[in-house]
There are 2 protein chains.
Amino acid sequence: MSAISERRERERAHRHQLIITAARELAETEGWEAVTTRRLADRVEYSQPVLYSHFNGKEAIVSAVALDGFGELAAHLRRARQAAAPEEALRAVCLAYLEFATERPALYQAMFILPTDLTFASTETPPALRAGFDEFVSCFPPDNERRELFAEVLWSALHGITVLSESGRIPPDRQEDRLDFLVTRIAGAR
Amino acid sequence: MSAISERRERERAHRHQLIITAARELAETEGWEAVTTRRLADRVEYSQPVLYSHFNGKEAIVSAVALDGFGELAAHLRRARQAAAPEEALRAVCLAYLEFATERPALYQAMFILPTDLTFASTETPPALRAGFDEFVSCFPPDNERRELFAEVLWSALHGITVLSESGRIPPDRQEDRLDFLVTRIAGAR
DNA sequence: GACGACATCCTAGCAACGCTAGACGTTCTG
DNA sequence: CAGAACGTCTAGCGTTGCTAGGATGTCGTC
């Protein structure tokens with residue numbers, strides 16, 4: 001393989017990431033409904049068809065953004081857990097989760113609300129998806145046989161709180177009270 | 001007002017409901033992405049513009065379906081709560097909620113996931129929206145000052161469990177175990 | 001260095017979408 | 001009976017995601 005085609009491959013990989021970050025920025029500033037293939041192509045200064053040489057379709061682009069998001073979420077939760085004392089880990093991780101969701105609403109939408117190509121709970125599940133969930137699991141002692149179940153319910157509750165308050169179905173204030181209640185109730189199971 | 005215009009008003013109201021039920025049926029059999037204004041107009045055997053003489057747009061049609069859904073959900077939860085002994089009410093209502101969500105996925109989507117015109121937690125909130133939430137509140141004793149907060153968190157958890165399992169982000173089995181865990185943990189706060 | 005083979009990228013266009021203007025026939029009113 | 005008012009449809013606008021096919025430039029080979 002020549003040096004030129006190596007360079008082209010590098011440029012291609014770079015452009016691949018450029019599309020992803022452009023989609024994310026556009027979504028974060030103007031919302032996902034503003035992310036059209038035309039506007040996206042404009043942003044990266046290429047024509048529409050090049051998007052399709054990198055991704056199978058718009059859904060695949062959203063999925064790529066979501067995948068990045070899962071990686072960041074996992075790192076964010078991990079930092080929070082490790083910075084806290086063990087008995088405070090549960091609370092810290094939950095707080096970090098709500099922070100992440102409210103500070104990056106567009107990213108969170110790509111991860112949990114918009115339709116994507118990502119497959120969960122399967123052998124092909126990307127590691128980043130698993131990693132975030134594992135942070136919740138790690139808040140419970142290893143000898144607890146039901147820790148996975150606890151983590152699932154905890155995660156569900158946090159997700160529910162996030163989207164119901166985001167969409168105005170429950171009052172947006174009092175988030176801290178909800179967190180308090182949730183953590184103290186669930187922590188008893190630790 | 002003449003008898004003729006009365007008849008026309010009746011027919012108009014009938015057609016209004018016809019559009020709503022047609023949208024709902026189409027969504028339940030083929031999913032919401034199949035509900036286009038053209039197909040909907042075909043179904044009710046009118047042209048597209050008549051849809052817009054009844055509703056402000058597609059979102060308003062989805063909202064109307066969702067509103068019906070909230071009424072049915074409230075009734076469903078109420079029946080479950082009243083049929084159960086007081087100490088079992090919490091569990092019965094939660095179970096009824098999950099039942100509703102899994103048996104009418106398209107309806108649930110309209111109520112909680114698709115963008116709608118509905119306003120929540122405001123003075124203009126339709127009674128049906130309030131009624132469902134109140135069923136959760138009623139599971140806690142009236143002298144509990146934090147029962148609204150408990151209901152919010154409980155509802156959030158159930159919603160989270162619903163959408164995360166629906167989208168495959170948590171395994172679809174074990175729903176009953178999650179319900180058990182959630183109820184026993186929350187019920188302690190009663 | 002010339003040439004066919006190949007890759008890359010863009011112009012142009014398709015079908016489907018939500019939505020609306022304007023024409024047309026029908027019905028009500030003076 | 002004339003004309004206003006209403007209800008409905010045809011036709012079309014602008015936008016969407018996506019793709020076919022041609023132009024342009026680069027590659028390995030002689």
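Lettering of chains follows the sequences in order, A, B, ..., and the numbering in each one begins at 1.
In this structure, B:Trp32 places its CH2 atom 15 Å from P of C:dC17, rounding to the nearest Å. One interatomic measurement links the two molecules: CZ of A:Arg38 to P of D:dT15, which rounds to 9 Å at whole-angstrom precision. The NE2 atom of A:His54 sits 16 Å away from the P atom of D:dT19 (whole-angstrom rounding). In this entry the distance linking CZ of A:Arg39 with P of D:dG17 reads 11 Å, nearest Å. C:dA16 atom P lies 13 Å from atom CG of B:Asp42, rounded to whole Å. Atom OH of A:Tyr46 is separated from atom C1' of D:dT19 by 20 Å (rounded to the nearest Å). Separating the CG atom of B:Leu51 from the P atom of C:dC19 is a distance of 10 Å, rounded to the nearest angstrom. A straight line from OH of A:Tyr52 to P of D:dT16 spans 11 Å, rounded to a whole angstrom.
Phosphate contact (OP1/OP2 of C:dC19, side-chain N/O of B:Thr37, threshold under 4.0 Å): absent.
A salt bridge does not link B:Arg38 with B:Asp42: every distance from a Lys NZ or Arg NE/NH1/NH2 to an Asp or Glu carboxylate oxygen is 4.0 Å or more. Using a cut-off of 4.0 Å between Lys/Arg side-chain N and Asp/Glu carboxylate O, A:Arg78 and A:Asp134 are scored as not salt-bridged.
Toward the 5′ end of DNA chain C lies the nearest nucleotide of A:Val50, the other residue of the pair B:Val35 and A:Val50 mapping further downstream.
For B:Phe55 and B:His16, the gap between ring centers is short of 6.0 Å.
From A:Glu99, atom CD reaches atom CG of A:Leu73 across 11.5 Å, with rounding to the nearest 0.5 Å.
Contacts of A:Arg15 with the nucleic acid, taken as non-hydrogen atoms under 4.0 Å apart, involve only primed sugar atoms and P, OP1 or OP2. Residue contacts shown for A:Ser47 include a base, since a base heavy atom lies under 4.0 Å away.
Looking at B:Arg178, its side chain never comes within 3.5 Å of a backbone N or O of A:Leu149 through a donor-acceptor pair.
Of all nucleotides listed (C:dC9, C:dA21, D:dT19), C:dA21 comes nearest to the side chain of B:Pro49.
If you check distances only, the side chain of B:Gln48 never reaches the base of D:dC9 with a donor-acceptor pair under 3.5 Å.
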